[in-house]
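One structure below.
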Amino acid sequence: MRTPIFLCSICNVSSGSCSEDCAFCSQSAFYEADIQRYKFKSMQEILEEAKYAKAHGAIGFCLVTAGKGLDKKKLEYISEAVKTVKEALPDFENIIACNGTASLEQLKILKEAGATSYNHNLESSREFYPNIVTSHSWDERYQTCLHVKQAGLNLVCGGIFGLGESEADRISFVAAIKSLQPMVVPINFFHPNDALPIKEKPLDIDKALELITYVRHEMPEAIIMVAGGREFTFGARQAEIFGAGANSIVIGNYLTTQGNLPDADIAMIHSLGLGIAKTCHG
Ligand code: SF4
């Protein structure tokens with residue numbers, strides 16, 4: 001098992017009502033899922049969440065907005081949020097922005113504001129993508145990832161398994177992520193929601209563990225983070241993700257679903273004899 005384990009926390013700063021039709025996402029306005037929808041949390045709320053995450057050992061704090069991408073207003077808001085967190089918690093090492101499609105210029109502005117990383121997932125293979133999203137292209141996603149690297153930000157790039165993709169899609173998807181050499185690879189597992197058009201059964205636990213091992217094998221140097229769907233997919237076998245090759249998890253809640261309490265995850269990690277990372281470099 002790899003140690004230490006990197007903990008990251010997600011702050012959904014603007015939730016729901018997205019104009020895109022991603023068939024796996026409860027924030028899409030197309031599917032009217034029963035989720036909380038709100039625009040732009042206050043800086044105070046964001047700061048409280050950042051402090052909570054930091055107090056529970058997170059070294060990554062990710063500011064996520066629903067929607068296709070950045071516009072002027074959102075860019076200013078996220079830049080302010082980054083600065084607010086940085087000023088109050090200067091040793092919070094990894095401030096990640098996750099705000100969809102972004103130009104090189106927009107990403108440079110986020111870097112100026114103090115963001116260290118940008119998260120943009122490829123979600124699935126280029127071949128499978130039109131089955132799950134029609135409102136924008138996979139190529140557009142890949143291009144934003146290239147912009148992230150050009151802007152000098154660390155790239156956080158992964159996706160989601162269990163959408164009905166084939167084994168060939170999985171191989172193609174992981175190869176595409178590998179080609180971008182991200183610092184962190186978030187792996188999500190589809191969490192069904194009655195409102196969504198995808199009706200796939202959850203992945204078998206052994207299959208899901210096998211996929212983690214495959215991603216680890218393909219990207220031995222990356223931080224492999226198991227993100228959304230961990231509790232739902234692995235249940236009482238969550239601890240096995242570390243033996244399979246993961247060395248990072250998201251603590252606390254996800255974008256629209258609840259996670260374990262951070263203390264329970266920390267206790268699980270300690271019970272395995274694993275340490276918690278104090279910096280991005282271990
Ligand atoms: S994945 Fe992102 S772009 Fe797609 S519907 Fe959800 S919030 Fe919108």
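All figures in this text were calculated on a predicted structure; none of them were measured in a lab. The residues of the chain are indexed from 1 along the displayed sequence.
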Requested in this report: Taking atom types as modelled, find out whether D21 and S28 have a side-chain donor-acceptor pair closer than 3.5 angstrom.
Outcome: no

Query raised in the report: Any ion pair linking E112 and K108 (charged N to carboxylate O, less than 4.0 Å)?
Result: no

Query - Atom CD of E200 with >12 non-hydrogen neighbours under 6.0 angstrom - result: yes

Query - Pair K41 + E48, salt bridge at N-O below 4.0 Å - result: no

Query raised in the report: Should the pair Y142 and W138 be assigned to parallel (<30°), tilted (30 to 60°) or perpendicular (>60°) ring geometry?
Result: parallel

Report task. Hey, could you give me each pair passing ring-ring contact (aromatic ring centres under 6.0 Å, His included) that has a residue in residues 82-125? Not counting sequence neighbours. Result -> F61-F92

Query raised in the report: How are the rings of H191 and F232 set relative to one another: parallel (under 30°), tilted (30 to 60°) or perpendicular (over 60°)?
Result: parallel

Query raised in the report: Can you check whether T101 reaches E20 side chain to side chain, under 4.5 Å on heavy atoms?
Result: no

Report task. Could you tell me whether R170 and E167 have a side-chain N and a carboxylate O separated by less than 4.0 Å? Result -> yes

Report task. Using a cut-off of 6.0 Å, state whether more than 12 heavy atoms not belonging to K73 lie near its atom NZ. Result -> no

Requested in this report: Indicate whether any N or O donor in one side chain lies under 3.5 Å from an N or O acceptor in the other, for S124 and E165.
Outcome: no

Report task. In plain terms, say whether K207 and E210 are close enough for a salt bridge, that is, a side-chain N and a carboxylate O under 4.0 Å apart. Result -> yes

Requested in this report: Anything under 30° is parallel, anything over 60° is perpendicular, the rest tilted; go ahead and classify Y77 against F40.
Outcome: tilted

**Report entry** Lys/Arg N to Asp/Glu carboxylate O, K278 vs D91, below 4.0 Å
**Finding:** no

Report summary line: Paired with V82, the side-chain contact (heavy atoms from CB on, under 4.5 Å) test is passed by just one of L63, T116, I96, namely L63

Query raised in the report: Could you give all pairs that pass the salt bridge (charged side-chain N to carboxylate O under 4.0 Å, His left out) test and reach residues 130-149, with sequence neighbours left out?
Result: K68-E140, E123-R141, R126-D139

Query raised in the report: Can you tell me if D169 and S166 form a side-chain donor-acceptor pair at under 3.5 Å?
Result: yes

**Report entry** Contact check, side chains of L7 and H56, non-hydrogen atoms, under 4.5 Å
**Finding:** no

Query raised in the report: At what distance, to the nearest 0.5 angstrom, does CD of E76 lie from NZ of K74?
Result: 13.5 Å

